[in-house]
Amino acid sequence: MKSEPTDFSIDDLEKAPKQTIDWYGIRNYQARNFMRDDMSLGDLAFFYHSNCKTPGIVGIMTVSKLAYPDRLQFIKDHKYFDSKSPPDNPRWLNVDVKFVKKTKLLELKDIRNYAELKDMRILQRGNRLSITPVSPEEWHFIYSLIA
DNA sequence: GCCAACGTTGGC
DNA sequence: GCCAACGTTGGC
């Protein structure tokens with residue numbers, strides 16, 4: 001799960017109340033569907049810093065609440081307001097995630113270098129999704145490297 | 001700041 | 001339903 005550290009970083013998550021945050025602002029259907037359809041309570045996720053000097057994995061968090069309507073879509077004048085999202089059938093959802101631990105930084109350029117990780121969704125050409133699945137094999141490989 | 005690669009929008 | 005124009009993402 002990607003976040004720009006200038007917007008919300010792993011340190012922000014560690015310092016957040018209950019070390020938990022609603023993963024707000026996802027406005028892409030595929031990324032939304034990953035949260036809605038493929039995440040269960042207790043699932044683990046890598047926290048990835050994007051659009052920064054050294055993009056890469058910086059920590060681990062866990063899904064602490066299943067997908068529910070993103071509250072920001074209904075707040076007029078908010079950056080994430082969506083006038084086309086009907087309150088009785090909200091278009092955008094988010095899960096809650098809870099801090100687990102910081103890890104050693106695994107830079108994107110290093111992710112690219114491991115043959116074991118060459119099929120990761122995040123590396124696929126033109127990938128712009130801020131939430132992508134990680135296979136069990138990829139998870140264990142990365143975990144043993146950095147955690 | 002640039003720009004490739006997408007996703008979305010809206011006219012037709 | 002097509003597709004051009006536009007907006008966004010995110011590495012570099």
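Here is how names work: the chains are called A, B, and so on, in the same order as the sequence lines, proteins then strands, and each is numbered from 1.
- In this structure, A/Y68 places its OH atom where more than 12 heavy-atom neighbours from other residues, nucleotides or ligands lie under 6.0 Å away.
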Enumerate the protein-to-nucleotides 10-12 of chain C contacts in which both atoms are nitrogen or oxygen and the separation is below 3.5 Å.
residue: C/dG10; atom: OP1; partner: A/K2; partner atom: NZ; Å: 3.0
residue: C/dG10; atom: OP1; partner: A/R128; partner atom: O; Å: 2.9
residue: C/dG11; atom: OP1; partner: A/Y48; partner atom: OH; Å: 2.8
residue: C/dG11; atom: OP2; partner: A/N51; partner atom: N; Å: 2.8

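- By the side chain to side chain donor-acceptor pair (under 3.5 Å) test, A/S64 pairs with no residue at all, sequence neighbours left out.
- Partners of A/K101 under the salt bridge (charged side-chain N to carboxylate O under 4.0 Å, His left out) rule, at least two apart in sequence or in another chain, do not exist in this structure.
- As a whole-Å value, the separation of A/Y29 OH from C/dG7 P is 18 Å.
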For nucleotides 4-6 of chain C, print each protein N/O atom paired with a nucleotide N/O atom at under 3.5 Å, atom names and distance only.
none

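- For A/R27, the salt bridge (charged side-chain N to carboxylate O under 4.0 Å, His left out) partners at least two apart in sequence or on another chain are A/D70.
- Residue A/N28 contributes atom CG, which lies 11 Å from atom P of B/dT9 at whole-angstrom precision.
- Transitive grouping of hydrophobic side chains (ILVMFWY, heavy atoms separated by less than 4.5 Å) brings A/I146 and A/L44 into a common cluster.
- One can place NZ of A/K79 at 16 Å from P of C/dG7, the figure rounded to the nearest angstrom.
- In terms of hydrophobic clustering, with Ile, Leu, Val, Met, Phe, Trp and Tyr side chains grouped at heavy-atom distances under 4.5 Å, A/L123 and A/F141 are assigned to a common cluster.
- Sorted by first then second residue, the side chain to side chain donor-acceptor pair (under 3.5 Å) pairs that include residues 106-123 of chain A, not counting sequence neighbours, number zero.
- The ring of A/W92 has its center no closer than 6.0 angstrom to the ring center of A/F74.
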